[in-house]
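As structure tokens, the structure follows; a few thoughts come after it.
Just so you know, these numbers use all the heavy atoms, side chains as well, and skip hydrogens, waters and symmetry mates. This structure is a prediction, so every number in the text was calculated from the model and none was measured. Here is how names work: the chains are called A, B, and so on, in the same order as the sequence lines, proteins then strands, and each is numbered from 1.
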Protein chains: 2
Amino acid sequence: MKSNNGVRERILETASRLFYQQGFNSTGINQIIAEAGIAIGSLYKHYPSKNDLLYHYLQHQEAVYFSGLDEYLGEVRKPIQKLIKLIDYRIEIQEQSHCFGCHFIKINAETGRHDEKVTQLVAGHKKKQRDYLERIISEIESVQGLPMKKQNLTDAVFLMIEGAVVSASINGNTDDLRTTKKIINQMF
Amino acid sequence: MKSNNGVRERILETASRLFYQQGFNSTGINQIIAEAGIAIGSLYKHYPSKNDLLYHYLQHQEAVYFSGLDEYLGEVRKPIQKLIKLIDYRIEIQEQSHCFGCHFIKINAETGRHDEKVTQLVAGHKKKQRDYLERIISEIESVQGLPMKKQNLTDAVFLMIEGAVVSASINGNTDDLRTTKKIINQMF
DNA sequence: GTCTATAAGGAGATAGAC
DNA sequence: GTCTATCTCCTTATAGAC
């Protein structure tokens, strides 16, 4: 491994993978430095505490999620297709990561709302996801009718997707995400 | 405290409360015995390991949930009212427990699907919840029309409730559960 | 049932040498 | 950047005396 460059990034990527796959509390500092192939001194130089690493993990996932989503929807023109593609994006993410669910829901379940900063990062991410969805539904509204009031439709779709992602992490498949897509298709 | 009677129950109740409030991994054996007011020898006599305690915790919550639900719906006659009351039941549970979410979703998020027995208890609970919901919707169908195909309606309602319970644990309120109730009311 | 002692290991974090 | 040593504390679990 290269020894001087990309150390900070390698720490975060390794920690992110382990936090997601086996949980934050179940992941030890020693495992992170071993799998990242770096020294413990380097870790604490870049991230002064394990909690600090957690904050950067969540911020990183937030950026990765939305930039990936923008790219995934890049070519799509029809608003209704954007909605369908948004669910396809979640399906693809889950299938590429062994259906372990949503990073933010997992951390929230593990740490509760004890840490204010974590609470705000999780709630903020979910708010951004819902706002993103609402913008797509507004676009749909501008070209065709909606099957129910805009706000209710936004909440219904958001909550179904949330439930379906949780279901994916429980059952280890994307069946409910696909069901959600089917239901939405039949609503319009 | 009484020293010889109800020890086993007190262990399980204390462990259940702590597992739910601060998480399974964040709860130590020493804290359980301290808050239950029992000796460590007693704990390991009744529950040979912390994992064994976890299994009993999940089985106990399963029983508590469904017996409480049956009682809560006991007086209700109209099928559509059963559906609304089912959501009221979730609202009441969340508001009485600081909106920490679903016991089973939390454990699943913490332990993933590594432990087969836990995986089965969680997936089994969610299957039972969905089946319970499907029976109510079948009753509704027998007295009035449904706004969509029965299976799709069951999945949609189940997933919205799941998402709304997760949202409760993130935001610390039952807003999305109440929104879910409103959406369902408007669908019929 | 109670108590205390202890094993054996891992946690997060710090310090210093190279 | 690397390495090793160490500190303090906590973890699950067992054993034995009362």
Write down the distance between [atom1] ([X]) and [atom2] ([N]), rounded to a whole number of angstrom.
X	N	atom1	atom2	answer
A/K50	C/dA13	NZ	C1'	12 Å
A/N51	C/dA13	CG	C1'	13 Å
B/D52	D/dT14	CG	P	12 Å
B/N25	D/dC10	CG	P	17 Å
B/I38	C/dC3	CD1	P	9 Å
B/I33	D/dC10	CD1	C1'	13 Å
A/R10	D/dG1	CZ	C1'	11 Å
A/I29	C/dG12	CD1	P	5 Å

Check: Out of C/dG1, D/dT12, D/dG1, which has the shortest distance to the side chain of A/H46?
Finding: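 Of the candidates, D/dG1 comes closest.
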
Margin query: Checking contacts here: which listed nucleotide (C/dG1, D/dG1, D/dA13) is nearest the side-chain heavy atoms of B/Y44?
Written below: D/dA13

Margin query: Mind checking if A/I40 touches a base, just sugar-phosphate, or nothing, with heavy atoms under 4.0 Å?
Written below: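 Here A/I40 touches the bases of the nucleic acid.
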
Item checked: B/Y65 and B/Y132: CA distance, side-chain angles, deciding distance, ring-ring contact (aromatic ring centres under 6.0 Å, His included) verdict -> CA-CA 12 Å; B/Y65 176 87; B/Y132 199 104; 8.0 Å; no

Next item on the list: Supply the atom-to-atom distance B/Q61 CD to B/H103 NE2, rounded to the nearest 0.5 angstrom.
Entry: 3.5 Å

Notebook entry, point to check: D/dT2 phosphate, OP1 or OP2: any side-chain N/O from A/S42 under 4.0 angstrom?
Noted result: yes

Notebook entry, point to check: Does A/N30 place a side-chain N or O at less than 4.0 Å from the phosphate oxygens OP1/OP2 of C/dG12?
Noted result: no

Notebook entry, point to check: Want to settle it: does A/T27 or A/G41 sit nearer the 5' end of DNA chain C, counting the closest nucleotide to each?
Noted result: A/T27

Would you call [X] and [Y] a salt bridge, taking side-chain N to carboxylate O under 4.0 Å as the test?
X	Y	result
B/E110	A/K106	no
A/D52	A/K117	no
A/K127	A/D131	yes

